[in-house]
Amino acid sequence: MIWFVTKRFVQAILVLVVVALIAFAMFRYLGDPVNMMVGIETSIEQRDKLREQLGLNDSVVVQFGRFLERAARFEFGISYQHRKAVSALIAQRLPATLELSLVSVILALAVGIPMGVYTALRRDGLLARIFMTVSLIGVSLPTFLIGILLILFFGVILQWLPTFGRGEVVNIGGWTTGLLTPSGLQALILPAITLAIFQMTLVVRLIRAEMLEVLRTDYIKFCRARGLRTRSIHFRHALKNTLVPVITIVGLQLGTVIAFAIITETVFQWPGMGLLFIQAVTTVDIPIMAAYLMLIATFFVIINLIVDMLYFAVDPRLRVQS
Amino acid sequence: MTASTRQITPVLEVRGLTVEFPSRRGLVTAARDVNLAVAAGEILGVVGESGAGKSTIGNAVMGLLDPPGHISAGEVLLEGERIDTLGAQAMRRIRGRRVAMIFQDPLTSLDPLQTVGDQIVETIVTHLDMSEPKARSRAVELLGQVGIPAPETRVDQYPHQFSGGMRQRVVIALSLCAEPDVIIADEPTTALDVSIQAQILSLLRRLVRDHGVGMILITHDMGVIADVTDRVTVMYRGRVVEEGPTRKILGDPDHTYTRSLISAVPRPDRRFDRFPLVEYIEAASSATRKIDIRTHWLGRVRDFGPAREGGGPLLEARGLRLRFSTRWSLMPSKRRYVQAVDDVAFEIAPGEVFGLVGESGSGKSTIARIVTGLYRPQAGSVLFAGQDLTALGSRRAVNRYRRQMQMIFQDPFSSLNPRMRVRDIVAEPIRFHRLTEAQSETRGIVDDLLEHVGLGESAGKKYPHEFSGGQRQRISIARALATRPRFLICDEPTSALDVSIQAQILNLLKDLQEELGLTMLFISHDLPVIRQMCDRVAVMREGKIVETAPTERLFDTPQHEYSRHLLDLMPRLDIVKRSPDVAPA
Amino acid sequence: QTTLRYAFQGGANSLDPYSLNETFTLGFLGNVYEGLTRRGPDLEIQPALAESWEIVEPTRWRFHLREGVKFHNGNDFTAEDVVFSLERVQAEGSDLTTRVPSDVEIEVVDDHTVDFVLSAPNPILHAEWDTWYIMDKEWAEEHDAVMPTSASGDNESHATFNTNGTGPFRLTDHEPDVRSVMEVNEDWWDEPQHNLDRVVFTPIGSDATRVAALLSGEIDMMYPVPVQDIERVNGNDGTSVMTGPELRTIFLGMDQKRDELLYSDVEGENPFKDVRVRKAMYQAIDIETIKSRIMRGLSEPSALMLSPLMFERSDEFERHPHDPEAAKALLAEAGYPDGFTVGMDCPNDRYVNDEQICQAIVSMLARIGVTVDLNAQPRAQYFAKVLASGGYDTSFYLLGWTPGSFDSHNVLVNLHGCRDDSGKGGPFNLGGYCNEKVDELTAKIGTENDPEKRNDMIAEAFRIIHEEVAHIPLHQQGLAWGVSDNITLEQRSDNQFMYQWVRKD
Amino acid sequence: MNAPDEAGIDNEAARRPAGLLARLDEHDMFWSFRHSPLVMLAALVTLVMVVSSLGAPVIAPYNPFDMASISLLDSLLPPVWIDEGTWSYPLGTDNQGRDMLSTILYGSRISILVGFASVAFAMVLGIVLGLVAGYTGGWLDAFLTRIADIQLSFPAILIALLIDGVARAAFGGEIGEDRTAFGVLILAIGLSFWVQYARTVRGSVFVEKHKEYVQAAQVIGLPPFLIVFRHILPNVMGPVLVIATIQLALAIITEATLSFLGVGVPPTSPSLGTLIRIGNDFLFSGEWWITVFPGVALVLLVLSVNLLGDWLRDILNPKLK
Ligand SMILES: Nc1ncnc2c1ncn2[C@@H]1O[C@H](COP(=O)(O)OP(=O)(O)OP(=O)(O)O)[C@@H](O)[C@H]1O
Ligand SMILES: Nc1ncnc2c1ncn2[C@@H]1O[C@H](COP(=O)(O)OP(=O)(O)OP(=O)(O)O)[C@@H](O)[C@H]1O
Ligand SMILES: [Mg+2]
Ligand SMILES: [Mg+2]
C-alpha cells in the first residue's frame, strides 16, 4: 500500500515535469508576451531589453529548466500582466472555480442519474424519448450560445437572475464563498446550469446504456425472483453494476470542468481560474499559464487516482488476489 | 413420503400453459399446454430432456420470462387464484415470499458486487419484519444449513470467491430465506457432490414435510427423483408426456420416452463400455447414427508438434499449491486466505481418463485452471508431455502446448461470450488454429459438431442467451472438441444434461478416447458417470487428494473413509425395475 | 450614497501609473492620480497640479505648481514630488518614458515652481502630460516603490496594488480583473462636478454579457458597445448609446521594403513597390459600404492617417475615390492585368469588428482580381508576427494608431519614418514606406515652435504620403458608450472615462 | 436427435426466396434496421446532410468561399418569409453578404469532415490504448494512464496552437491552405478527446477480463490481441458509442472555438460552428437567422447521429433485440 502510494507519487511528479516541458515548448506559438506588456509606443529597444530581462530569448530548455528549478521551491514567479505573484492570483481564483465546478457536477449527477435510470427502464416510453432528445439539443449547441441565451432570458427579459459575476461573497480564512449569500447563490445558478448541461447529457446516456445491459442479467432476474423492492433492484443492484464507466467519465468531467470552465466563466464573467487562464493565453502570460497547467495536471492525477481507487471500492473482483 | 400424505387442494397449479419465444427466425414454443399441480407438503419432480421447457415453466410461474418470451395460453394459480395476470407490485410481494425459485445457473445468479451476506439479509428484511442483525445471524445459520464451511467468515465474501457448488448453495439459501410456501428448484444440486447433495435434499425434504411447503423439483438426476419426489412429471419437447406417482413412473412407466429415459440412467454398480442410449426419438437426426471416428473429421489426426511419447505420463502435476486471499488488508497479519489447492500431485498417462471427484469447494476447478495455465500455482509445476509449462517463459511457447489441451468449463452460462453467435463461438478455435482450408468447410464442421451435441444447425445463428442450461453446456463441449485436442479437461461436463444427451456425449468422448487416445481429466461429482468414464480416480477434499486408485478398485474397496462416505451416499434407483443387466448396444 | 457601477471590456492590470502606457489603464488611474495638466471634455489642455506655465525661453518651460494640494495619504504636494515623478517616469522599467524627452533637465525654483530645460525647442512638450501622473515621493520611498514596477521584476511592488494620488477619487478596493472600488476624495483641491460617493468597476470581457448587464440595469454604464448592438441598447427603455468620434485611425499597410513579398505568388518582384498597385488597392475599397454595413454608421472614413480633430487643416484632404474600374486599369498598367495573390494579416480581437473589416476587404479586392489569403489571429499572435519583434513578418496588414500626443508629428515618425530592419527610424512603419523628403519635414516639424509654419510642413508631408499611398487609411472608428438614462456624463474622444463629470440621480 | 426448439419453428428463412435482399435480411443489423422507422429516418437525415454537404458545389446556389462573388451590400438580409427578404437568398445572408443556405451547405462540409474524422481518430486511438492498458495492466497500464493524465492537462485550444505552430514550421506559408488547416484541427481535437475513450474502455476491461468467457478464449490459445478485440471489445463498446456520438457535437463546436483563436479554417471559409459563433454576436441586434439556421442544422445532425448510435449499441447487445 505504502509502495502503491509512493509509486503513484513518483509518477505524478513525472507527469508534472512532462506537462511543464510540453507547456514551454508550446508557449512560443502563443505569441510575444512583451507586446502585451507595453504600450504600443514603447520603443523597439525597450521591448528587446524587456524580452532579454524576462529571459524570453533563452532556448525552451533553458526556460524550462529555470521554471523547474523555481517550481521545486513552489515559486511560480510574477504574472507579466498583473505584476503579482502567480500563486496568490490562482489562490484568489481557485474558490470561485471549484465552487462552480462542484455545484455543476453535483447538479449533473443529481439530475442525470435518475433520468438515466428512468430512460433505461422506460426504454421506449414517450417521456424517456423526450428526455433523450432534449438533452441532446443541450450538447449540440455551443456553451457560449447556451450561456448567452440563458442570460438573455433570465437576466435581461425576466430580470430574475444576475447576468454576470459572482454576487456577494464571504471570505472564510482566505476562501471566498458565494454559497452563503443569497446573491451569491443566485449568481451561481445560470453558470452552473450552463456548465452542467453537457455532463448531464453524458451521464444520462451512459447510465441508460449500461443499465439496459445490466437489467438483462441473471442476477437482476434473481433479485426479482426474490421479490426485492423495485427501487433496491434498480439502484442498489443494477445501478451499482453500471458504475465503473460512469465513475470514469464523471471523474474526467469533474477534472475537465475545473480545468476548462473557460467558456462559461468568460460568458458569465465568473472570476475563476478559467477566466484567468484564458486571459493569460490571450496575453501570453507565461508564468500564469505554466503554474495553471501544473495545477490542472495535479488535479487530474489526483482525480484519476481516486477513480482507480473507486474501481476497487465498487467492484470486489478487481481487488488484489492471492 | 407416500401419496397418502398428499392434500387435495394444490397450492400451486399450472393449467394448459403455453410459452412462446417469438424471434425473427420463427417462433420457439418452449412449453405447450402444460398442466402441473403441486400440493402443500409435496415434492413434484419434473424430469425431461434438456431443452424440454422445464426452466421455462419455472420462469413462467414466477412471471420472469425473458422478453420476448411470454405466456400465450393457460393460467397459473396460487392457492386457487390467478397470479399470471397480477400487476408488477402484487407479483413482487408474491415472489420470494410465497413462491421462491432456485435458478439453474448459480454462478450468474448472484450480484457480483454484493457480499452473499448482504444479499441474504436484504431479502430477509424485505419480506419478514426482522432486524438487520437478526437477519444477519439468520443468514449465517442458513449458509451453515446448506453446508458452507465456516459460514461466519464466508458470509462477508463475494460470489466470485466461491466455488461453483458453493454458489449454488448460496442461491438455495437465498431462495429459502424468506420462508416461501412454494419452491421451484431448478436443478438445485447439479453442481454438488453427493454428500452436500444429500444434505441439501434432506434440508429441502425437511422444509416440505415440517413447514408444508410445496416444491417443484426440476432435475435430470433420476437418483434424486427416486430419493425425494412424491410425484413425477416427464417432459419432452415442451410437452408433458407422462405424470404420476414416483414409484409408478420409475417402476413401470407407460410412455416409451420415459421408459427409454430410465433405461439410459448410468449404472453405479457395473461398468459398461458404452452408455445406454435413448432410442425414443420423434424426429430422426444425425446424432443417433454412431459416427465412425476413423472417417469423421474429428478423427483426422493432428500433429501436436514435438510430443515426447516414450511411455511417460502426458500430464504430470507436482506439489501444486494455490491459495486465494479472501480478505485483503494493510497488515499481512489481518489477511485471510483459502488454501484452494494444497500440495496436489498426480499423473495422467496418454489415452487415460483420469477422474477427479470430491466435495464441492475442494479445489477441483482450481486444479483444472492451474493445468490450463489460467492460474499460476504458488508452488509446484505442471508437466505436459514432459515439458514444464510453469517454467516456460514466453507465451508462444506455452501456447504450443496449450493448443493441445482444451477445457469444458463448469459453468455453461458465463463461459460463452454473450455477444457472439453460437456458430462463431464454436468456429473460433478452428479458424484460429487454421484447422480447415475453406470457410465453407469450417461451417460444415461447426454444424456437424452442433448436431453431434444434439443442437440443430439452426442453433448456430442464435446467441447463447437463447438456450437452455443444458444446451449451453453442449455448446461449450462442441467448442472444446472443435480443436480436436489431445488432452481434454472436463469440469462437470454433463452436470446440466439429462441422461439421454449425457449418454450421447459421453459416448462420443469415449469414442474419441479409444480411437484417438484422447486423454482426459474428468471432473465430476456424478459417481456413476465417473465409474463409466474413468480409468483412475482421485478423491479430493479441502484442497488435498486423499486417495487415488483405479476406478474399479475405488468403487469396490475404497480406502479412505471420505471415499467410503461418498460412495455410501450415492443415490440409487432400487425401486426401478431394472431391465436385464446387459448393456444396451 | 450614490454609487456608479460601470464596466469595460478589459481591466486595469497594474495600478502603477508608469508601468503600462495603455489608454484604459491611464484613463482609469486618471480618476485617482493627476498630472501637471489635464484635459477637458473636448480634450483642451487645462491646468491641473500646475496652476499655470510659460515658456520663459524657447528651451525653458516654467511651471507654477498649485498650492495646498494633498495626496490621499495627507502628504503635501510640492516641487520635489514633481522632480521625483520625472526621475521615476524616465527610470528603467517605466513604460511612459516617451512622456518627456530623455534629455530634459529639471530645476526647482522654489517649493511650488519648477523649470524644465530642454536641449532643443519642443512645442508639444506638455502635450501628453495629462497622463503623466504625479506621485508622492515620501509614499514611494516608505513603500520602496521608488522604481516603477518593471514587468520583468521578480517581486511585487506596493505601487502595483495601491494608489496614492491627488485626484477626485481614492481607490479603496482592487481585485485585478474582478472588481475595483473607488470612493470620493473629500478634500480634493478642485470643485467636484459629479455627485458620486462610490464607483464600482467590473471588467466584462464578453460583449454580449456586457450589453446584457446594461440592459438588465445591473450597471449604469459600460463601454464599448458592440456596434451591432447600438440599436438594441437605444431601443431598450432606460438605456441609450452615446456615440462620438474616436482618435484611433484604422488603416491598411503594405510591405514596400522587401524586394519580394513574403506571402505572394509574385516571384522576383514586389508589386507594392509600385505606387499604381497601392493606389489600385486603395481605390478597390468601398469604405462607405464598410461604414454602413459593418460599422453600422459608427465610423468616420478618413483620408488622413490621423483624426481630423488633431489637425485643423485635414479638410483639405480627400480620399482617393472608390473606383474598381480605375483600380483594374491601374493594375493592368502596373503589369498585373489579372491581379495577383497576397497574404493578409489581421487581428480578430483588437479593433472594432477588425476581422469583419478584413473579410470585407478581401472580397472587395477579389473584385479587382487580387486574391487575398486572410490570416486572422488574436492580437497576441498577430502582433508577435507583424511587429519588429517578429521581424515585420507580413506583406499586407490591418493596424490601428492613436497618436498619444494628439499630434501629427507622432504619426509621421512612428508610421512613416524610414526604418531599418530592426525598426530604427519608424518603428511602426511595418510596411517600411520610405521617403527622404517626408523624413526631413518630420524632423523640422519636431522642433518648429510657430504653429503656422508647422502646419504648412505637416500638410506638405501628408500630401506626399497621400499621393504615394504610403498606407491605405480606412476610418476612425467611433466611440460607443452605453449609458442608462439616470446618469449624465462627458464623453471624451480619447475614450477615457472621467467620473469627474458624472451625475447620477 | 433434432434440437427441440426446431419443433416449434415455422422456418421463414427457408421459405424466403434466396437473393441479395434475402441474404442481407439474414443479417440482424439490416433486419432490425428495416424494422425501426425512427432509425431509418435518422439515417436518412444523416445521409441527406452528408451528401448535400459533400455535393455543396453542385447543390448550393452560390459559392460563399468565392470572395469575388459575395457583396457586402446584400449583407444581413433576413430569410425570404420576413419582409425585405428575397428569394435569391432563401435563408437570408450573414454579415458578409454570404447566402446562408450555401454557407450552411459548404460549412457543414467542413464541420462534418472535421467532426467525424477527429472523433474517429480519437476513438481508434483511445480504444486501442484503453484495451491495451486495461488488459495487460501493470507498468504499461501505469505508463499509458500517466500519458492520459498529461494529455488531459492541456485544453484543445493549447494543443491546437502547438500543432498549428509545428505545422507552420513544417509547411511554412501554405498553412492558410485548408488541407493543412484540417489536419491541424483533426489532430488537435482528436488528441484532446482520446483520453475519454481510453479511460472508459480501460475501466470496463478491468471488469470484463475477469469473466469466464475470456478465460475460455485464453484456453483456446487466442493471443491477447485477438481476445481483446474479438471478445472484450464488443462487450465494452456500449459507453464508447455513447461518448462518441455526443463528442461529435463537441468536436464540431470545438472546431468553431479553435477557428476563433486563429488556428484552423480561415474566416473566409466558415464552418457550421464558426457561423454559429459569428451569429452569436448578432443575437441582441436581431439578426437571429445567422445563428439559428446553422444551429438547427447542427442539432439535426447530432440528433440523428445519436439515434444511429443508440441503435447500433442496441443491436450490439443481442439480449436487447
Ligand atoms: N430467451 C430465449 N429466447 C429464445 N429461446 C429460448 C429462450 N430461453 C429458452 N429458449 C428455448 O426454450 C426451450 C426450453 O428452454 P428451457 O431452459 O426451459 O429448457 P430446460 O428444460 O430448462 O433445459 P435444461 O434442462 O437444459 O435447462 C429451449 O429449446 C430453448 O432454446
Ligand atoms: N477467485 C477466488 N477468490 C477467492 N477464493 C476462491 C476463488 N476461486 C475459488 N476460490 C475458493 O477456492 C476453493 C476451491 O474452489 P474450486 O472452484 O476449485 O472448488 P471446486 O472443487 O471446483 O468446487 P465445485 O465442485 O463446487 O465447483 C473454494 O473454497 C473457493 O471458495
Ligand atoms: Mg433449464
Ligand atoms: Mg468447480
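Throughout, a chain's letter reflects where its sequence line sits, starting with A, and its residues are numbered from 1. The model shown is predicted, which means the values in this text are computed figures rather than measured ones.
Your options are Leu152(A), Leu295(A), Thr143(A), and the one with the most heavy-atom pairs under 4.5 Å with chain D is Leu152(A). Among Ile246(D), Thr200(D), Val302(D), the residue making the largest number of heavy-atom pairs under 4.5 Å with chain A is Ile246(D). Ranked by heavy-atom pairs under 4.5 Å with chain A, the first of Gly238(D), Ala249(D), Pro239(D) is Pro239(D). Chosen from Ile249(A), Val246(A), Thr242(A), Thr282(A), the residue pairing most often with chain D at heavy-atom distances under 4.5 Å is Ile249(A).
Counting all heavy atoms, side chain and backbone alike, Ser140(A) lies closest to Val299(D) at OG-CG2, 3.6 Å. Nearest approach of Ala209(A) to Val242(D), heavy atoms of both residues: CB-CG2, 3.7 Å.
The parts of Leu303(D) that come within reach of chain A are both its backbone and its side chain, each placing non-hydrogen atoms under 4.5 angstrom from that chain. Heavy-atom distances place both the backbone and the side chain of Leu141(A) under 4.5 Å from chain D. Contact annotation for Thr291(D): only side-chain heavy atoms (C-beta onward) come within less than 4.5 Å of a heavy atom of chain A. With a 4.5 angstrom heavy-atom cutoff, Thr248(A) touches chain D only via side-chain atoms. Residue Phe198(A) touches chain D through its side chain alone, counting heavy-atom pairs closer than 4.5 Å. For Val244(A), the part sitting under 4.5 Å from any heavy atom of chain D is the side chain, from C-beta outward, and nothing else. Within the 4.5 angstrom heavy-atom criterion, atoms from both the backbone and the side chain of Asn304(A) approach chain D. Heavy atoms closer than 4.5 Å to chain D are found in the side chain of Val307(A), but not in its backbone. Both the backbone and the side chain of Leu206(A) come within contact range of chain D, each with at least one heavy atom under 4.5 Å from a heavy atom of that chain. Proximity to chain D involves both the backbone and the side chain of Leu145(A), based on heavy atoms less than 4.5 angstrom apart. Leu215(A) does not touch chain D: none of its heavy atoms, backbone or side chain, sits under 4.5 Å away.
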Arg202(D)/Asp308(A) under salt bridge (Lys or Arg N to Asp or Glu O under 4.0 Å): CA gap, chis, key distance, verdict: CA-CA 10 Å; Arg202(D) 169 174 171 269; Asp308(A) 284 358; 3.1 Å; yes
From CA spacing to verdict: side chain to side chain contact (heavy atoms under 4.5 Å, CB included), Phe154(D), Val19(A): CA-CA 8 Å; Phe154(D) 293 95; Val19(A) 168; 3.7 Å; yes
Pair Val207(D)-Tyr311(A), side chain to side chain contact (heavy atoms under 4.5 Å, CB included): steps then yes or no: CA-CA 9 Å; Val207(D) 179; Tyr311(A) 288 167; over 6 Å; no
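Taken from CZ in Arg205(A) to CG in Asp310(D), the straight-line distance is 4.5 Å, to the nearest 0.5 Å. The CD1 atom of Ile302(A) sits 10.5 Å away from atom CG of Asp149(D), with the distance rounded to the nearest 0.5 Å. Of the inter-residue distances, the one linking Phe144(A) atom CZ with Ile276(D) atom CD1 reads 7.0 Å to the nearest 0.5 angstrom. Here the CD atom belonging to Gln196(D) is positioned 5.0 Å from the CD atom belonging to Gln253(A), to the nearest 0.5 angstrom.
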Donor-acceptor contacts, no H, no angles, side chain residues 132-139 of chain A, under 3.5 Å, sequence neighbours left out:
from	atom 1	to	atom 2	distance (Å)
Thr133(A)	OG1	Arg129(A)	O	2.7
Ser135(A)	OG	Phe131(A)	O	3.2
Ser135(A)	OG	Met132(A)	O	2.6

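Residues of residues 133-148 of chain D lying under 4.5 angstrom from chain A, judged on non-hydrogen atoms, are Ala142(D), Arg146(D) by number.
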